[in-house]
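Chain naming here is simple, since letters A, B, ... match the order of the sequence lines and numbering starts at 1 in each.
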There are 2 protein chains.
Amino acid sequence: MSPRIGLSKQKVLEAAINIADDEGIEKVTMATIAKKLNIKPPSLYNHISSLSALKTEMALVGIQQLYSSMKANMEGISGDERVIALSKGYLNFARNHPGLYESTLAAPNAQDKEIYEAANKIVQLAVQTIKHYNFTKEEELHVVRGLRSLLHGFSSLEKANGFGIPIKLNHSFDYIMTTYLKGMKR
Amino acid sequence: MSPRIGLSKQKVLEAAINIADDEGIEKVTMATIAKKLNIKPPSLYNHISSLSALKTEMALVGIQQLYSSMKANMEGISGDERVIALSKGYLNFARNHPGLYESTLAAPNAQDKEIYEAANKIVQLAVQTIKHYNFTKEEELHVVRGLRSLLHGFSSLEKANGFGIPIKLNHSFDYIMTTYLKGMKR
DNA sequence: TGCCAAAACTAATACCATTAGTTATTGTTA
DNA sequence: TAACAATAACTAATGGTATTAGTTTTGGCA
């Protein structure tokens, strides 16, 4: 009556991520995940401990993939172009994985150690990318915070249709990055 | 048995806003609002049509107050300082009204006409603030989008503890704004 | 004073996450 | 191969959510 499917924590996580990206993070419920996997909601508890734990896992995967997207986009590029490449890697990830991206910030458990470390890798990647400007440690902190504000703000507003008519968004992004980079020079 | 309280749509809205700012927007439910007003949840439907309609109203109020906060902070200031003042007005509002600020973006009904117009007033305020730079219309669009990205990104990351240890946040904000302003100059 | 509309109520529906307890399946071991 | 143990599915139930329907109470006005 209930033939076992080859289910695992991984498969559940993947299903949740697909729902988040395709239908929005608010559609990620035990019911929708179970339906996608052809099981009843309580059966999910054989693989995950709770919906909120699953969302924490989503956040972790999201942060790791965000890192990969940034890093892959930067390979073999240097100087200002490297900062631009990192930024486009960020934006591309946010655009291609809207639900997963959103989950990285709506993290229910922000003080999770794994999440902290994964997020820190991104910060370190950004720090490393601006090393050739020779900022002081404190200036580095400010500059990276600004970069992240710009990237998250743009991604977030774009997704929420916050810019009104979605015209010339790529052009705006390039202009904004150029503006910020210019301001970074002393 | 049920003496009438002087309830109104306004009072319901105020209760919801207080819950959002004090306990977080996710705590804004028919149950919590009703409890705060000493009535049963279904009685709320005598004043509002649904929770989602109420949240749309919250978004509108939030955007209007955000506008006021920015405008009030700018009064009598000109030049670069005026852009800084507008920005601090934005940040102050986001900090002082975290729940209401969040509701402005999590707007369930983004194509609401009133909301669009209120949001447009903010954009126009920003456009007017950078008029003395003599940008082209298109440059204005990009610059204002960048400013909004910076402001929303910073506010949002700060609230989500996205910056890690919350050290020197005001200093970072000033540094970032200075950086962006410097980049705006040609 | 009596009536009516507004605003409260209770009860019910349909969703949600989660837990407890049960059954079925699968892999391992005697 | 037969039996057992662990795993993973199930059903049923609990308490939470928003919402609707139908009922009662209240307070102001004719």
Side-chain angles (χ1 to χ4, degrees), chain A residues 1-61 99-100 102-103 106-110 112, chain B residues 1-60 99 102-103 106-110 112:
Chain A
M1 185 160 276
S2 53
R4 296 193 188 182
I5 317 166
L7 219 51
S8 65
K9 187 167 155 180
Q10 270 309 313
K11 296 255 174 79
V12 173
L13 187 51
E14 281 164 25
I17 290 172
N18 285 333
I19 294 168
D21 281 340
D22 297 345
E23 303 166 52
I25 199 166
E26 73 285 350
K27 291 285 172 57
V28 176
T29 68
M30 298 301 274
T32 55
I33 299 167
K35 187 158 203 176
K36 173 157 280 202
L37 296 170
N38 289 312
I39 57 172
K40 304 290 172 184
S43 304
L44 287 167
Y45 289 88
N46 286 315
H47 307 285
I48 59 169
S49 64
S50 70
L51 181 60
S52 120
L54 180 66
K55 286 187 173 169
T56 302
E57 303 247 21
M58 287 175 70
L60 181 60
V61 171
L100 193 53
E102 192 172 346
S103 80
N109 192 353
D112 184 283
Chain B
M1 183 159 279
S2 53
R4 295 193 188 184
I5 316 167
L7 219 52
S8 64
K9 186 167 156 181
Q10 269 310 312
K11 296 258 174 80
V12 173
L13 187 52
E14 281 165 25
I17 290 172
N18 285 333
I19 293 168
D21 281 340
D22 296 345
E23 303 167 51
I25 199 166
E26 74 286 349
K27 291 284 172 57
V28 176
T29 67
M30 297 303 273
T32 56
I33 300 167
K35 187 156 202 176
K36 174 156 282 202
L37 296 170
N38 291 310
I39 57 173
K40 304 289 172 185
S43 305
L44 287 168
Y45 290 88
N46 286 314
H47 307 284
I48 59 169
S49 63
S50 72
L51 181 61
S52 119
L54 180 66
K55 286 186 173 170
T56 302
E57 302 247 22
M58 286 176 69
L60 181 60
E102 192 171 347
S103 79
N109 192 354
D112 183 284

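Not a single donor-acceptor contact under 3.5 angstrom links the side-chain atoms of B:Asn46 to the base of C:dA6.
Considering CE of A:Met58 and OG of A:Ser52, their distance stands at 12.0 Å, rounded to 0.5 Å. Within the model, atoms CG of A:Leu54 and NE2 of A:His47 stand 12.0 Å from one another, a figure rounded to the nearest 0.5 Å. For the atom pair OG (B:Ser43) and OH (B:Tyr45), the distance works out to 11.0 Å, reported to the nearest 0.5 Å. The distance from atom CG of A:Asp112 to atom OG1 of A:Thr56, rounded to the nearest 0.5 Å, is 6.5 Å.
Enclosure of atom NZ in B:Lys36 by more than 12 non-hydrogen atoms of other residues, nucleotides or ligands within 6.0 angstrom is indicated.
Of the residues in residues 15-23 of chain B, not one places a heavy atom less than 4.0 Å from an atom of DNA chain D.
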Could you run down the sub-3.5 Å N/O contacts of the protein with nucleotides 17-20 of chain C?
residue: C:dA17; atom: OP1; partner: A:Met30; partner atom: N; Å: 2.5
residue: C:dA17; atom: OP2; partner: A:Met30; partner atom: N; Å: 3.3
residue: C:dA17; atom: OP2; partner: A:Ala31; partner atom: N; Å: 3.3
residue: C:dT18; atom: OP2; partner: A:Tyr45; partner atom: OH; Å: 2.6
residue: C:dT18; atom: OP2; partner: A:Leu51; partner atom: N; Å: 3.0
residue: C:dT18; atom: O5'; partner: A:Tyr45; partner atom: OH; Å: 2.9

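The side-chain hydrogen bond (donor to acceptor under 3.5 Å, both in side chains) check on B:Thr29 picks up B:Thr32, with sequence neighbours excluded.
At the phosphate of D:dC10, OP1 or OP2 sits under 4.0 Å from a side-chain N or O atom of A:Ser43. Contact between the side-chain N/O atoms of B:His47 and the OP1/OP2 oxygens of C:dA6 is not found at any separation under 4.0 Å.
Rounded to whole angstrom, the span from the CG atom of B:Leu54 across to the P atom of D:dT19 amounts to 10 Å. In this entry the distance linking CD1 of A:Ile48 with P of D:dA8 reads 13 Å, nearest Å.
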